[in-house]
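Structure record follows, encoded as structure tokens.
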Amino acid sequence: MAIPVEEYLAHLLTDVGVLGVEEVAVTRAGGRVLAQDLVARLAVPPFDNSAMDGFALRAGDAIEGMVPVVGDVPAGGRLPVPLAAGTAVRIMTGAPVPAGADCVVPVEDTDQPSGPAPLPAAIRVRSAPRPGQHVRRAGDDVAVGDVVIAGGTRLGAAALASAISIGYGRLPCHRRPRVVVVATGSELTAPGAPLGPGMIPDSNSTLIASLAEESHCEVVGVHTVPDDVGELARVLARAAAEADLIVSSGGVSAGAFDVVKELTAAAGFTFAQVAMQPGKPQGHGFVAGPDGRRTPMVTLPGNPVSVFVSFHIFVRPVLAAMEGELATPAYLRARALRGWASPAGRRQVIPVRLTPPESPEDPVPGATPTHRLGSGSHLVASLHRANALAIIPEDTTRVAAGDLVAVTLVGRF
Ligand code: AMP
Ligand code: MG
């Protein structure tokens with residue numbers, strides 16, 4: 001009896017814990033997971049500042065006649081002196097609005113030319129300004145003490161900009177998982193090497209290592225081992241010493257040479273038939289390392305599409321949990337542009353290409369399987385076209401062109 005996807009994932013997640021915390025320079029923290037809530041040390045903006053190039057004054061002083069201009073607001077270094085009633089200062093976008101001024105009149109709304117020009121002695125304002133216009137108030141965005149970025153957030157470009165703007169130079173982040181990849185199979189040949197009879201190029205080791213890197217891990221070892229229990233045992237013992245997680249491919253089905261299963265079953269691994277297509281045979285457990293360490297290991301099947309799918313559905317959440325990431329994958333809806341078959345009783349996870357909506361009346365992306373054969377675990381050469389995985393429920397046996405399907409994006413996050 002195959003077990004449901006969520007149930008198997010829940011088992012996997014009990015194998016791992018959250019990794020430790022280290023301080024990382026904010027400039028290098030992209031892709032890392034923040035280990036605690038980040039509280040604003042600075043307000044954003046830090047001071048009242050101008051939203052326009054123009055003149056700061058009191059709104060009431062601009063109503064009639066000429067307003068004398070007493071100077072420029074200096075950029076940086078010191079705050080402008082308070083503004084005397086009945087006067088204006090020239091101000092550029094982002095510069096601090098002097099105390100006493102309550103609005104900024106854009107240069108376009110005065111009798112002055114825009115662009116580089118000497119400081120005018122006085123200006124005429126064309127239309128009565130509103131108090132507060134074009135002034136960005138200190139703390140408009142966030143105030144000192146606000147929780148701005150939640151712990152467990154994976155830091156993208158905008159989050160780094162946010163962290164810097166609220167006063168941080170270093171951030172507490174979870175350590176990146178160290179991953180060792182082990183591809184098994186006596187038929188495997190190094191990339192680009194001539195193929196002997198019955199041999200195939202080893203694409204899985206690079207596939208898994210690259211997926212791990214896309215998931216922001218540190219890949220500390222990549223091994224290709226033949227179907228030989230002794231050799232595999234040696235590689236795994238070494239891997240256990242250096243990895244936080246070992247990910248293998250191949251050797252977990254019911255074949256006579258499925259050495260991963262043979263070796264690790266003896267070490268108490270759990271093997272399961274998961275109600276998923278592709279990626280049905282799965283296994284997990286611990287490899288004994290030196291100093292009594294038990295390093296978690298996930299054993300994926302051998303077919304490359306199964307590896308790709310299993311990585312996204314099982315390994316990625318495990319790695320995210322190790323980094324303390326809180327987000328779960330987002331799902332969107334897409335319109336199937338072609339039909340395909342799906343097996344009864346198994347959740348199909350099929351690589352698809354998402355394309356822009358075909359009409360404004362149907363504002364969802366289109367989804368097309370990356371291969372005309374639909375779902376096939378061996379269709380590795382067309383896999384690169386996938387920018388999403390479509391998730392087809394267990395009880396669906398046929399997706400028709402025009403059906404709405406759930407999809408989740410793949411690629412770097
Ligand atoms: P296995 O589960 O070990 O029997 O592997 C199933 C099939 O997946 C093999 O027959 C190969 O065609 C393919 N396969 C296994 N390992 C790799 C690999 N490292 N790279 C590419 N294809 C692989
Ligand atoms: Mg094999």
Could you give the distance from CD1 (I350) to OG1 (T370), rounded to the nearest 0.5 Å? 7.0 Å
NZ/NE/NH1/NH2 to OD/OE distance under 4.0 Å, R126 and D109: no
Would you check if there is a donor-acceptor pair between the side chains of S310 and Q282 at a distance under 3.5 Å? yes
Distance check, rounded to the nearest 0.5 Å: Y168 atom OH versus L42 atom CG? 9.0 Å
Does R316 make a cation-pi contact with F311 (under 6.0 Å, within 45 degrees of the axis)? no
For V182, which of V247, N204, L232, V260 qualifies under side-chain contact (heavy atoms from CB on, under 4.5 Å)? L232
Quick one: which of V73, I91, V135 gives a side-chain contact (heavy atoms from CB on, under 4.5 Å) with S50? I91
Carefully, step by step, assess C103 and L57 under the rule side chain to side chain contact (heavy atoms under 4.5 Å, CB included). CA-CA 6 Å; C103 71; L57 38 68; 3.4 Å; yes
Can you tell me if CZ on R333 sees more than 12 non-hydrogen neighbours from other groups inside 6.0 Å? no
Please say whether the positively charged group of K261, taken as NZ for Lys or CZ for Arg, lies over the ring of F271, i.e. under 6.0 angstrom from the six-membered ring centre and within 45 degrees of the axis. yes
Roughly how far, to the nearest 0.5 Å, is OG1 of T93 from NE2 of H134? 10.0 Å
Side chain to side chain contact (heavy atoms under 4.5 Å, CB included) assessment of F308 paired with L389: CA-CA 10 Å; F308 186 77; L389 295 169; 4.0 Å; yes
Minimum heavy-atom separation for A321 to V16, with atom names? CB-CG2, 4.4 Å
Take a 6.0 Å sphere around CZ of R294 and say whether it holds more than 12 heavy atoms from other residues, nucleotides or ligands. no
Nearest atoms (heavy-atom pairs only) where S205 meets V222: CB-CG1, 3.6 Å
Qualifying residues under ring pair (Phe, Tyr, Trp, His ring centres under 6.0 Å), relative to F314, sequence neighbours excluded: Y8
Step by step, work out the salt bridge (charged side-chain N to carboxylate O under 4.0 Å, His left out) result for R335 and D362. CA-CA 9 Å; R335 182 83 56 200; D362 188 30; 2.7 Å; yes
Shortest non-hydrogen contact from V252 toward L300: CG2-O, 3.7 Å
Working for side chain to side chain contact (heavy atoms under 4.5 Å, CB included), residues L245 and V318: CA-CA 9 Å; L245 182 72; V318 164; 4.1 Å; yes
Ion pair present between E23 and R170, side-chain N to carboxylate O less than 4.0 angstrom? yes
Using the salt bridge (Lys or Arg N to Asp or Glu O under 4.0 Å) criterion, which residues pair with E358? Sequence neighbours excluded. none
Could you tell me which non-hydrogen atom of V229 sits nearest to which non-hydrogen atom of E262, and how far apart they are? CG2-OE2, 3.6 Å
Taking CZ in R137 as the centre, count heavy atoms belonging to other residues, nucleotides or ligands within less than 6.0 Å. Is the count above 12? yes
List the steps, then state whether side chain to side chain contact (heavy atoms under 4.5 Å, CB included) holds for D244 with V179. CA-CA 6 Å; D244 298 307; V179 173; over 6 Å; no
Measure the spacing between CG of L34 and CD of E325 and express it to the nearest 0.5 Å. 11.5 Å
T206 side chain vs S203 backbone, donor-acceptor pair below 3.5 Å: no
Compare every heavy atom of A101 with every heavy atom of L83, then report the nearest pair and how far apart it is. CD2-CB, 3.8 Å
So the side chain to side chain donor-acceptor pair (under 3.5 Å) pairs with at least one residue in residues 220-242 (sequence neighbours excluded) are D202-T224
Distance-minimising heavy-atom pair for S162 and V148: OG-CG1, 3.4 Å
Kindly compute the distance separating CD (Q277) from CZ (R346), expressed to the nearest 0.5 Å. 5.5 Å
Between the side chains of R154 and E323, is the shortest nitrogen-to-carboxylate-oxygen separation below 4.0 Å, so that they form an ion pair? yes
Distance from E22 atom CD to L171 atom CG, nearest 0.5 Å? 11.5 Å
